Visitor: 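Here you go, one structure.
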Amino acid sequence: MSAIAQKILVVGGNGFVGSAVCKAALARGMGVTSISSSGTPYHTPKGHTPDWVEKVEWRKADAMNPDTYADILPGVNAVVHTIGTLLDNTRRNTLFHDKDYVGLLKSIMGITPVEARHLGGYDKLNRDTAIRVCEAFTTSKPSKGITDVRPFVYISAEDFHRPAISVRYIETKLEAERKIDEIMKEHPQYRAVHVRPSMIYDPETRPMTIPANLFTFSAWMHAAMPSFVPMPASVIRWLGTSVFPKATEQTPSALVSIATLLSVPPIQVDHLGEAICASLDPAKNVRGPVGVRAMRELIGWSKGGPNITSSDS
């Protein structure tokens, strides 16, 4: 299958990461269809419409309702799922309204009661939509001429947001990964790719230049030092796994997340889009978790400097 003949479906192509995937795919000669709840084409935060936007087919569809996009699936070589939410204030708003300030503080710290962990937008947007789209994709019959294994790319995440972001963010991401892997076991003509970016930034739309540079330098220092030298991330990670209690039954202390923030470099959104598109190449046969180190290798960065490893791959 040549790159020119490829056609992909981007779920959430008018979003921050989705638009970068669309742009990178078009640059590689792929045909691109995007679905979103609004169906509106991408535009910049300032309201500008880039030239590449007119080359994408923009469709309105509900990711939870495969009937709204089932006609697209047979004709695409790959699906990239990019929708999700970083902040889910559903429970926090309720706690604030009820003046449960202790519960609110626990929620901010990532301490969530068991009975409340499966409520809110994280579960639907980060996990359930990905599973539903994956199920629909793997049960669709490919059009004549599509013979390669078809990838389903899920935009997961590195665990670096806590305690600022609820533990349910990363938990729903990992739950989605596990369920997608289960689905793939029954469909050998498909492969799952779980892209795990760190802090994502963009010089124009999300200009976090100073923190991005600081964390990039921190990651470089951690990678450059000999393994026997105790660095902040290794000490913090040890404390988080050996001393402090877990955040939940399945997730370690938020200290582990802080260690990841210090040791895994941020990634520019356009480079993320390029890495995602590179992972679609059937010759590379990329499968499973893809951390920042693997992303850099996919876009040819690893030869230019120290390899900075992901905590998961």
Side-chain angles (χ1 to χ4, degrees), residues 1-15 17-37 39 52 55-84 127-156 176-195 272-290 294-295 298:
M1 177 179 62
S2 66
I4 299 298
Q6 279 187 343
K7 183 172 183 180
I8 68 171
L9 171 64
V10 181
V11 183
N14 56 0
V17 174
S19 59
V21 175
C22 291
K23 182 169 65 173
L26 290 169
R28 289 172 174 260
M30 303 180 194
V32 181
T33 298
S34 165
I35 61 171
S36 64
S37 58
W52 60 263
K55 300 177 183 178
V56 177
E57 179 186 1
W58 304 96
R59 289 270 301 268
K60 180 178 181 179
D62 178 2
M64 294 296 291
N65 182 6
D67 289 342
T68 61
Y69 54 89
D71 61 301
I72 304 172
L73 298 176
V76 298
N77 301 93
V79 171
V80 181
H81 181 281
T82 70
I83 61 175
R127 183 192 65 200
D128 296 346
T129 59
I131 294 170
R132 188 63 59 87
V133 174
C134 182
E135 290 173 337
F137 183 45
T138 53
T139 56
S140 66
K141 185 178 180 180
S143 299
K144 185 178 180 180
I146 298 179
T147 58
D148 288 309
V149 172
R150 298 204 288 175
F152 180 86
V153 181
Y154 173 60
I155 310 306
S156 185
E177 286 189 20
R178 289 191 289 268
K179 181 59 179 178
I180 291 168
D181 286 339
E182 290 179 11
I183 294 171
M184 292 300 171
K185 290 179 181 178
E186 301 177 0
H187 298 88
Q189 279 302 108
Y190 295 81
R191 57 183 169 94
V193 181
H194 308 307
V195 177
L272 175 59
E274 292 172 11
I276 290 168
C277 289
S279 75
L280 304 179
D281 188 346
K284 291 183 171 63
N285 195 32
V286 177
R287 297 173 184 263
V290 179
M295 292 181 218
L298 283 170

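Along the sequence shown, the residues carry numbers beginning at 1. Just so we're clear, the structure is a prediction, and the values are computed from it rather than from any experiment.
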Visitor: To the closest 0.5 Å, what do you measure between CE (Met30) and NZ (Lys55)?
Guide: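 Atom-to-atom, Met30:CE and Lys55:NZ are 14.5 Å apart.
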Visitor: Got a donor-acceptor contact below 3.5 angstrom from the Ser36 side chain to the Gly12 backbone?
Guide: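 Not a single qualifying donor-acceptor pair exists.
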Visitor: Report the C-alpha separation of Ile183 and Ile131 in whole Å, then their side-chain angles, then the decisive distance to 0.1 Å, and conclude whether the side chain to side chain contact (heavy atoms under 4.5 Å, CB included) test is met.
Guide: CA-CA 9 Å; Ile183 294 171; Ile131 294 170; 4.3 Å; yes
Visitor: With side chain to side chain contact (heavy atoms under 4.5 Å, CB included) as the test, would you mind laying out the steps for Thr129 and Val11 before giving the verdict?
Guide: CA-CA 10 Å; Thr129 59; Val11 183; over 6 Å; no
Visitor: Looking at Ser19 and Gly15, what are the two nearest heavy atoms and their distance?
Guide: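 Where Ser19 meets Gly15 most closely, the heavy atoms are OG-O, 2.7 Å.
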Visitor: With a cut-off of 3.5 Å and sequence neighbours excluded, list every side-chain donor-acceptor pair involving residues 58-65.
Guide:
residue	atom	partner	partner atom	Å
Trp58	NE1	Val53	O	3.0
Trp58	NE1	Val56	O	3.4
Arg59	NH1	Asp71	OD2	3.3
Arg59	NH2	Asp71	OD1	3.1
Arg59	NH2	Asp71	OD2	3.4
Asp62	OD1	Met64	N	3.0
Asn65	OD1	Asp67	N	3.3

Visitor: Just jot down the salt bridge (charged side-chain N to carboxylate O under 4.0 Å, His left out) partners of Glu177, sequence neighbours excluded, or say none.
Guide: Arg196
Visitor: Per the salt bridge (Lys or Arg N to Asp or Glu O under 4.0 Å) rule, what does the pair list look like for residues 180-195, sequence neighbours excluded?
Guide: Lys179-Glu182
Visitor: Looking at CG of Leu9 and CZ of Phe152, how far apart are the two atoms once the value is rounded to the nearest 0.5 Å?
Guide: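 Here the interatomic distance stands at 9.0 Å.
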Visitor: To the nearest 0.5 Å, tell me how far Leu26 CG sits from Cys277 SG.
Guide: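 If I round to the nearest 0.5 Å, the distance is 8.5 Å.
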Visitor: Drop me the distance from Ile180's CD1 to Glu135's CD, to the nearest 0.5 angstrom.
Guide: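 Here the interatomic distance stands at 9.5 Å.
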Visitor: So, for Leu280 and Pro151, which heavy atoms are closest and what is the spacing to 0.1 Å?
Guide: CD2-CG, 3.8 Å
Visitor: Report yes if the side chains of Asp148 and Asn77 come closer than 4.5 Å at any heavy-atom pair, otherwise no.
Guide: no
Visitor: To the closest 0.5 Å, what do you measure between CD (Gln6) and CD1 (Ile146)?
Guide: 10.0 Å
Visitor: Which heavy atom in Ile8 sits nearest to a heavy atom in Val76, and how many Å separate them?
Guide: C-CG1, 4.0 Å
Visitor: If you define the side chain from C-beta out and look only at heavy atoms, does anything of Val290 sit under 4.5 Å from Leu298?
Guide: yes
Visitor: Considering non-hydrogen atoms only, spot the tightest contact between Arg150 and Pro74 and give its length.
Guide: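 Looking at all heavy atoms of both residues, the closest pair is NH1-O, 3.7 Å.
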Visitor: How would you list all residue pairs meeting ring-ring contact (aromatic ring centres under 6.0 Å, His included) that involve residues 62-83, not counting sequence neighbours?
Guide: His81-Tyr154
Visitor: Considering only residues two or more places apart or on different chains, which pairs with a residue in residues 276-287 satisfy side chain to side chain donor-acceptor pair (under 3.5 Å)?
Guide: Asp281-Lys284, Asn285-Arg287
Visitor: As an exercise, state the distance from CG of Asn14 to SG of Cys22, rounded to the nearest 0.5 Å.
Guide: 8.5 Å
Visitor: Can you name the closest pair of heavy atoms from Val193 and Val286 and give their distance?
Guide: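 Heavy atoms only, the tightest pair is CG2-O, 3.2 Å.
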Visitor: Any idea which heavy atoms bring Thr147 and Gln189 closest together, and the distance?
Guide: O-NE2, 3.5 Å
Visitor: Thr138: which residues meet the side-chain hydrogen bond (donor to acceptor under 3.5 Å, both in side chains) condition with it, sequence neighbours left out?
Guide: none
